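Reading through the structure tokens given below for one structure.
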Amino acid sequence: MQRHPDSSLTRTVKMTPCDYQILEYTNSELRIDGVPFIVILRFHMQNSYALTGYVLQNWEAKIEVTSEGELSDVEVFLEDLRHHSRTSPSSDTRFFDRLNGLSVGPLRAFVSGSCLLPELDTVLPMFFDGHVGMSAWRSSFDIVGEDCFDLAGKLVPAFTTSSLPSDG
């Protein structure tokens, strides 16, 4: 379903609050600092929620995966995220809520918070040590999921960046 960019629905979606979780990769249980590389957004829809995940482009090189087993762990998580980032909004928030407690293995919860959609352009780049540009953070990520919603509330296919809305 196509929506005109000036429609009232699009304006409503842009003012939608969302929660975010940023996950990091670390190659050792003893290592304190990891490399943030996944952003998961939970959009607050009317009486439901929609999840969308983003992974840094070229993430395998950026996080410097040290073993095939850890690469497999990350890929399994991305498959789970694809599954939970489905097209229909859901009232089930357990997957997202549990991410905040992720602290064992190569994937760990890094930071979480809530803001309005337009604020993501300011908030998210602060956590990526220059790997993500201000106000253009989406251009540094691939969307993860089966068909899922972009930041303008439009349905987009998995692993695309060209369908993401520009600022403006």
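Note that this is a predicted model, so its numbers are computed, not measured.
Side-chain contact check for Phe96 versus Ile40: some heavy-atom pair is nearer than 4.5 Å. Using a 4.5 Å cut-off on side-chain heavy atoms (C-beta onward), Val74 and Phe37 make contact. Using a 4.5 Å heavy-atom threshold, the side chains of Phe43 and Leu51 count as separate. Using a 4.5 Å heavy-atom cutoff, the side chains of Glu119 and Leu116 are in contact. Using a 4.5 Å heavy-atom cutoff, the side chains of Glu60 and Leu71 are in contact. Using a 4.5 Å cut-off on side-chain heavy atoms (C-beta onward), Arg108 and Leu102 make no contact. Residues Leu41 and Asp19 fail the side-chain proximity criterion, which asks for heavy atoms closer than 4.5 Å. Considering only heavy atoms from C-beta on, Arg98 comes within 4.5 Å of Arg94 through its side chain.
Distance OG1/Thr26 to CD/Glu64: 11.0 Å, rounded to 0.5 Å. Summarising the geometry, atom CG belonging to Leu99 is positioned 10.0 Å from atom CG belonging to Asp80; distances are rounded to the nearest 0.5 Å. One finds the OG atom of Ser140 at 11.5 Å from the CG atom of Asn58 (value rounded to the nearest 0.5 Å). In this structure, Ser85 OG and Arg42 CZ are separated by 12.5 Å, a value rounded to the nearest 0.5 Å.
Without hydrogens or angle criteria, Ser72 side chain to Glu68 main chain gives no donor-acceptor distance under 3.5 Å. At least one donor-acceptor pair under 3.5 Å links the side chain of Gln57 to the backbone N or O of Ser139. For the pair Glu24 (side chain) and Pro36 (backbone), a donor-acceptor distance under 3.5 Å is absent. No donor-acceptor distance shorter than 3.5 angstrom exists from the side chain of Lys62 to the backbone of Leu56, with no hydrogens or angles considered.
Of the residues listed (Val35, Leu78, Ile38), the one engaging Trp59 in a side chain to side chain contact (heavy atoms under 4.5 Å, CB included) is Leu78, and it is the only one.
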Go through the steps for Leu120 and Cys18 under the test side chain to side chain contact (heavy atoms under 4.5 Å, CB included), then give the verdict. CA-CA 9 Å; Leu120 287 172; Cys18 71; 3.8 Å; yes
Between Phe110 and Leu23, does a side chain to side chain contact (heavy atoms under 4.5 Å, CB included) hold up when you go through it step by step? CA-CA 5 Å; Phe110 175 60; Leu23 302 182; 5.9 Å; no
Mind running side chain to side chain contact (heavy atoms under 4.5 Å, CB included) on Ile143 and Thr52 for me, showing each step along the way? CA-CA 7 Å; Ile143 196 166; Thr52 300; 3.5 Å; yes
Just do the side chain to side chain contact (heavy atoms under 4.5 Å, CB included) check on Cys115 and Tyr20 with the steps written out, would you? CA-CA 8 Å; Cys115 64; Tyr20 60 87; 4.2 Å; yes
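A distance of 6.0 Å or more separates the ring centres of Trp137 and Phe128.
Criterion: ILVMFWY side-chain heavy atoms under 4.5 Å apart, direct or through other members. Under it, Ile63 and Val76 are not part of a common hydrophobic cluster.
Using the six-membered ring where Trp is involved, Phe95 and His84 have ring planes that are parallel, under 30° apart on the 30 and 60° scheme.
For the residue pair Tyr25 and Glu70, a side-chain donor N or O sits within less than 3.5 Å of a side-chain acceptor on the partner.
Across Asn100 and Ala109, no two heavy atoms sit closer than the pair O-CB, 3.5 Å.
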